[in-house]
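This report concerns only the one structure given below.
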Amino acid sequence: MTDTELNKPGYEIPPEIKNQVAVTTIDRIYNWSRRSSIWPMMFGLACCAIEMICTAASRFDFARFGMEVMRPSPRQADLLLVSGTVTKKMVPQIVRLYNQMPEPKYVVAMGACASGGGPFKEGYNVVSGIDNYIPVDVYIPGCPPTPQALLHGLITLQKKIDNQTLREARWYKKGVSEVIPVPVLGPDIMDPREYELIREYSQKKSMEGQAEATAQEGVNPA
Amino acid sequence: MTEQVVLTEMDLTERFPESVKRDERKGYEGYIVKAEALLDVAKTVRDEMGYDYLSSVTGVDYLPDGLMESVYHFYRTIGGPALVLKVQTPRDQAVVPSLVSLYPGAEFQEREAWDLLGIRYEGHPDLRRILMWEGFAGHPLRKDWREPYYEEDAKPFKSRWPDGHVYRIEDKNPFHKNVDYPADFDPDKWIPDNDSSLYASLTKIQSSLSDSSLKTDTLIVNLGPQHPSTHGVFRMVVLLEGETIRALKPVMGYLHRNHEKIGERNTYLMNMPFTDRLDYLSSMSNNFGYAIAVEKLMGIKPPERAEYLRVIMAEFTRISNHLFAIGSLLNDLGAYFTPMLYAIEERELILDIFEAVAGSRMMCNYFRFGGVARDLPEGVYEKMRDLVYERLPRRIDELDLYLTNNEIIRARCEGVGVLTPEQAIAYSASGPLLRASGVPYDIRRADPYSIYDRFEFDVAVRYHGDVYDRYLVRMDEIRQSIRILQQAIRDLPEGPIQAGKPQYQVRVPPGEAYGRVEAPKGELGYYVVSNGKPNPWRYHVRAPSFVNITALETMAKGNKVADAVAILGSIDIVLGELDR
Ligand code: SF4
């Protein structure tokens, strides 16, 4: 970052120490260093992951934005790039990985699938978007998004980071941050926060089934 | 392979008059076999008739007839067309003897048919669900099974067409999500399976191991589904004794996107872009197989120029796929990302061509029934010519120079993960995996499709069956593909690119067809059943990655755990296709 961008509080710096000293705010220097070293988690889900690899590789090279260090471990990553179709079978793992990432953490939903189900949305094993389970910061449209689109999404994330302030950052708040409950694989995927709803629904369903059965009996008495 | 095989052509109905009859439905081929006789017939087919390669096993739910049909496609590794056997059972009692004892390659395919269609294969060694999880309600590919987002039986949905108003299906679901639960279900009482059946099948092996006098503990290690070397969301559970692999169970389904269920609701043409997303590294080849299967049903052929364009695109795809495979294999071996950068550089140039002709880098959606979607735009021909005559041969030699004789690569790859030719055939392996084991079986030669019989090229074969040979076969295949490309680009004729008018809704007469192509990863087959309606009754994909993975345990056993990664890399799987 150039002097002028970093040095925004408006102090005049004497000419003899120009280019050596910058007066800045904590927020700005903190965000600047964070946005220039976003470490994405090395984690490919589906087709979009291939474009993610291409974006990391020779031609598009997102190292230019300070993101070249892809980490396979969630404990070392800042960014969860959900690159592909999220299936019900996979979602417990993704939530667990998200929970394991240390704050500050960000989530980018790459592609139509991760954003809202994509072409496979109607499938019985497909989750309509990762935001059903974890919060998402940036959505990138496309199927797959081109490397240019992915870069644009990541730059958008950097802009978001630029605008955050320490005073309001959730990871400096008192108390422990809430862990997202890991979904359970039942007859269908179950979110532990929705157990009450599920019970109601299935009771209603069985009541309707009984009502239908009695109605049927009425039609043709045995 | 060495012994002389005496092949007899025979009419199975004469040999088994009681239990075999011809399939006489219009548009169908092969024989219908009684379930109890299947093993005998299959033995005859394999040992006397020489059909040593069981390519595909799947099922079809004939709901109106109340029948569940199990369909088998056999081939000879010396080449030639298929032999099709079918077993019909009542839907509510779908029990068929398992062929795993004769053809071990049926193992995962039978598990898939059990999982999705509920056909029980008696005598299967490990019949568990494979793509969905244990505990999932129902067998989703059955025609009377409905998903939570069910709207109508066939597309285009009335809500979108013809009046064209759209609502979000989420709004109709009480959970506003893609879920549904059975009646009278209490989530608090649910005990999730948590892979207990998987671990149980491993502990069975564990107890049978203790033969040495020295008592050692075994260890179960999970690799994946989030692991940098599993090429996506694949999981291997290995049973280790020290560092040596004693047993290995692949776990898949983490990317099961219900390709077939969606495909049976789509119209024929709607499936074309979905095939792109099977093996997303080689979408053109996927298009190819599907186009061939449906064209077989329709009885049409594309014009000359289209055939050439198809071959050109398919071979470019093979090169880009193999480059990627080699790059990631090296990645797995620890040559982190540098070879990959070289590989991706060339791949990008090929993707540029795809983008120019099809409009998209990866998801090309380029083939149509009876042709291709677009002709070459200006300047692309020259680009292709430069690439195959100048740049690619040079860069492949360069890659060869850097990698092939590298000491570390040889040390890590030679003699690792060996698959003998007999095993490779028995496990229905295909593609580079099969050919690296010394079986010169390439569908482009063995059962030529499109215009491959016009080109001069060699079938790449290597004989050691280890990781190194698989790498070498891929290198050889890149060179052969360049050879084909040089001929095809030289001879590319002028003319139309589509037989007849381009149509959105094709008419497909009733019947079945199995179309297969030599995709970069192996035999890619599409089994399509039509009942004359605008959407397929059955749409099944025989994915090479999925079947090839059957041999993984055999290859990995006895090797060190670090080699499992290299072996997996050498099969070259892609999850979109493995899980579908
Ligand atoms: S958005 Fe498209 S390219 Fe990306 S994972 Fe989904 S289907 Fe694949």
Side-chain angles (χ1 to χ4, degrees), chain A residues 41-51 53-54 56-59 70 72 74 84-85 87-90 93-94 97 113 117 119-128 132 143-144 146-147 184-192 194-195 197-209, chain B residues 131-133 135-138 140 147-151 169-170 174-175 177-188 190 192-193 225-228 231-233 253-259 261-262 265 273-274 277 280-281 324 337 340-342 344-345 347-348 351 361-363 575-576 579:
Chain A
M41 188 155 80
M42 192 153 104
F43 176 43
L45 275 174
C47 352
C48 280
I50 305 298
E51 284 296 52
I53 295 172
C54 287
S58 0
R59 194 186 205 172
M70 285 226 188
T85 319
T87 63
K88 292 180 186 168
K89 198 167 174 179
M90 193 62 202
Q93 275 80 333
I94 297 179
L97 287 168
C113 286
F120 298 92
K121 177 176 167 187
E122 69 199 86
Y124 47 87
N125 191 27
V126 176
V127 170
S128 333
N132 277 329
C143 179
T146 56
V184 180
L185 293 177
D188 205 329
I189 187 124
M190 305 187 289
D191 192 328
E194 285 179 351
Y195 274 11
L197 213 66
I198 295 174
R199 209 172 298 126
E200 267 170 35
Y201 169 78
S202 88
Q203 268 163 12
K204 201 170 121 217
K205 197 167 168 182
S206 78
M207 242 127 76
E208 274 165 16
Chain B
L131 294 177
M132 301 307 287
W133 59 89
F136 181 75
E147 55 267 75
Y149 275 177
Y150 175 85
E151 283 182 58
I169 184 74
E170 284 97 319
F175 298 92
K177 289 198 234 204
N178 190 4
V179 289
D180 190 16
Y181 304 94
D184 254 339
F185 166 73
D186 188 350
D188 287 320
W190 176 261
D193 175 70
Q226 190 259 334
H227 189 278
H231 298 233
V233 282
Y254 294 102
L255 191 54
H256 178 46
R257 301 192 277 199
N258 331 123
H259 193 88
K261 185 86 179 173
I262 297 176
R265 184 156 296 149
F274 279 85
R277 286 154 182 83
Y280 33 74
L281 285 166
F324 211 87
F337 232 70
M340 193 72 169
L341 293 179
Y342 277 82
I344 286 183
E345 201 184 340
R347 181 174 175 265
E348 286 287 338
L351 294 192
R361 287 155 50 85
M362 273 172 69
M363 306 305 179
L575 268 293
D579 290 340

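Not measured: the values here are computed from a predicted model. In what follows, chains are A, B, ... by sequence order, proteins preceding strands, each numbered from 1.
Comparing A/Asn132, A/Asn125, A/Ile53, A/Thr87 by heavy-atom pairs within less than 4.5 Å of chain B, the highest count is held by A/Asn125. For the options B/Met132, B/Arg347, B/Glu345, heavy-atom pairs under 4.5 Å to chain A are most numerous at B/Met132. In terms of heavy-atom pairs under 4.5 Å with chain B, the best-connected choice from A/Ser202, A/Ala46, A/Pro187, A/Cys113 is A/Pro187. Counting heavy-atom pairs closer than 4.5 Å to chain A, the top-ranked of the candidates B/Phe175, B/Tyr181, B/Tyr150, B/Phe136 is B/Tyr181. Among A/Glu194, A/Met42, A/Met90, A/Met207, the residue making the largest number of heavy-atom pairs under 4.5 Å with chain B is A/Met90. Ranked by non-hydrogen atom pairs under 4.5 Å with chain B, the options A/Ala56, A/Pro192, A/Gly117, A/Cys143 are led by A/Cys143.
Using a 4.5 Å cut-off between heavy atoms, B/Pro182 contacts chain A through both its backbone and its side chain. Proximity to chain A (any heavy atom under 4.5 Å) is shown, for B/Glu151, by neither the backbone nor the side chain. At a 4.5 Å heavy-atom cutoff, A/Lys204 makes no contact with chain B through either its backbone or its side chain. Only the side chain of A/Leu97 comes within less than 4.5 Å of a heavy atom in chain B; its backbone stays farther off. Only the side chain of A/Val184 comes within contact range of chain B, judged by heavy atoms closer than 4.5 Å. With a 4.5 angstrom heavy-atom cutoff, A/Tyr201 touches chain B only via side-chain atoms. Residue A/Gln93 touches chain B through its side chain alone, counting heavy-atom pairs closer than 4.5 Å. Looking at A/Glu51, both its backbone and its side chain come within 4.5 Å of chain B, counting heavy atoms on both sides. Residue B/Arg361 touches chain A through its side chain alone, counting heavy-atom pairs closer than 4.5 Å. The part of A/Arg59 that comes within reach of chain B is its side chain, from C-beta onward, which places non-hydrogen atoms under 4.5 angstrom from that chain. In this structure, the portions of A/Ala57 lying under 4.5 Å from any heavy atom of chain B include both its backbone and its side chain. When heavy atoms are compared at a cutoff of 4.5 Å, B/Leu281 approaches chain A solely by way of its side chain, counted from C-beta outward.
Considering only residues two or more places apart in sequence or on other chains, A/Thr146 meets the side chain to side chain contact (heavy atoms under 4.5 Å, CB included) condition with A/Gln148, A/Ala149. Not a single ring-ring contact (aromatic ring centres under 6.0 Å, His included) links B/Tyr280 to another residue, sequence neighbours left out.
No side-chain heavy atom of B/Ile262 sits under 4.5 Å from any side-chain heavy atom of B/Glu147. Two residues are said to be in side-chain contact when any heavy atoms from C-beta on lie closer than 4.5 Å; B/Met363 and A/Pro144 meet this criterion. In this structure the side chain of A/Val126 never reaches within 4.5 angstrom of the side chain of B/Tyr149, judged on heavy atoms.
Of the possible donor and acceptor atoms, none in the side chain of B/Asp579 sits under 3.5 Å from a partner among the backbone N and O of B/Arg257. Under a 3.5 Å cut-off, the side chain of B/Lys261 and the backbone N or O of B/Pro140 do form a donor-acceptor pair.
Note: A/Phe120 and B/Phe274 meet the aromatic proximity criterion, with ring centroids under 6.0 Å apart.
A donor-acceptor contact closer than 3.5 angstrom is absent between the side chains of A/Asp188 and A/Tyr124.
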Might you work through the side-chain contact (heavy atoms from CB on, under 4.5 Å) test for A/Ser58 and B/Glu348, ending with a clear yes or no? CA-CA 9 Å; A/Ser58 0; B/Glu348 286 287 338; 6.0 Å; no

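Between A/Met70 atom CE and A/Met41 atom CE the span is 11.0 Å, to the nearest 0.5 Å.
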